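Have a look at the structure below, then the notes.
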Amino acid sequence: MSGPTPVPSQPSTTHQPAAPVPQENTRNRGRDGQNRKKPDSRPAEQSNPERTEVSDAAPLTPLAPDLPTVQDAAQRPDPAADLSEEQATVFARLRDWRNAEASRQEISRFIVASNATLAEIARQVPYTQDDLASIKGMGPARLSKYGEAILQVVRGEQKRR
C-alpha cells in the first residue's frame, strides 16, 4: 500500500555569519582597472644588494631642497634692467595689463606672462601675431589667449575697464 511519502528532515535554518570575503586592494589601480605599480619580481635578498643593516649604516644627512634661495633671486638679473626709456614705458604698460588680467582671472600673474617675456616684448615691439609668436615665452596657447590684448597694449590701444 502506498501511503504518504515521508518527508526527509530539513537541516536547521539558523544562519551562521558568512566568512568575510577578502577585498582586493584597488588603491593602486588606474581608471582602466589595471595596476599602476609593477610588482618587484626579484627575490628579497637580491632586491637591493647594497643594503646594509641599520646598525652598520652611517647617520643620514638630510639633503637641502632644490628650491631657489633668496640669494639665487638676488643674483638673477632684472630682465627689464637694460630697456630704453621707451621700452621701459611699454614694459610698464604690459606689466600693468598682465597684473590686471591675472587679478580678473584670479590666477598668478606669471601664468599670464613672466617679466622676462614682457621685457622681450617691450624690446622687440611686435605689431603682428607672427612677430609676437617669435618671442620666447609666447607659445601657441598663450598667443591665442592673450595675443591680441598684448598687441593692443604694445600699440598703446589698451582699453580702460
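Excluded from the calculations below are hydrogen atoms, water molecules and symmetry mates; all remaining heavy atoms, backbone and side chain alike, are included. For clarity, every value in this text was computed on a predicted model and none was experimentally measured.
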Any side-chain heavy atom of E101 within less than 4.5 Å of one from K145? no
Hydrophobic cluster identity match, L132 and Y127, side-chain contacts under 4.5 Å: yes
How close do P79 and A119 get, heavy atom to heavy atom, and via which atoms? O-CB, 3.4 Å
Heavy-atom donor-acceptor pair, Q152 side chain to A149 backbone, under 3.5 Å: no
If every non-hydrogen atom of L118 is compared with every non-hydrogen atom of L94, which pair is closest and at what distance? O-CD1, 3.6 Å
Go through the structure and list residues passing side-chain contact (heavy atoms from CB on, under 4.5 Å) with D82, not counting sequence neighbours. R123
Nearest heavy-atom contact between A133 and L143 is CB-CD2, 3.6 Å
Checking T128 now: which residues fulfil side-chain hydrogen bond (donor to acceptor under 3.5 Å, both in side chains) with it, not counting sequence neighbours? D131
Whether R142 side chain and I111 backbone form a donor-acceptor pair below 3.5 Å: yes
CZ/R109 to CG/N99 distance, rounded to the nearest 0.5 angstrom? 5.5 Å
Membership question, hydrophobic clusters at under 4.5 Å side-chain separation (ILVMFWY): are L151 and V125 in the same one? yes
When rounded to the nearest 0.5 angstrom, what distance separates CD in Q124 from CE in M138? 11.5 Å
Intermediate values then yes/no, side-chain contact (heavy atoms from CB on, under 4.5 Å), I121 and F91: CA-CA 8 Å; I121 292 170; F91 177 75; over 6 Å; no
Ring of Y146, cation from R98 - is the NZ or CZ under 6.0 Å from the centre and inside 45° of the axis? no
How close do L83 and A88 get, counting heavy atoms only, and between which atoms? CB-N, 4.0 Å
What pair of heavy atoms forms the shortest contact from P126 to I135, and how long is it? CG-CD1, 4.0 Å
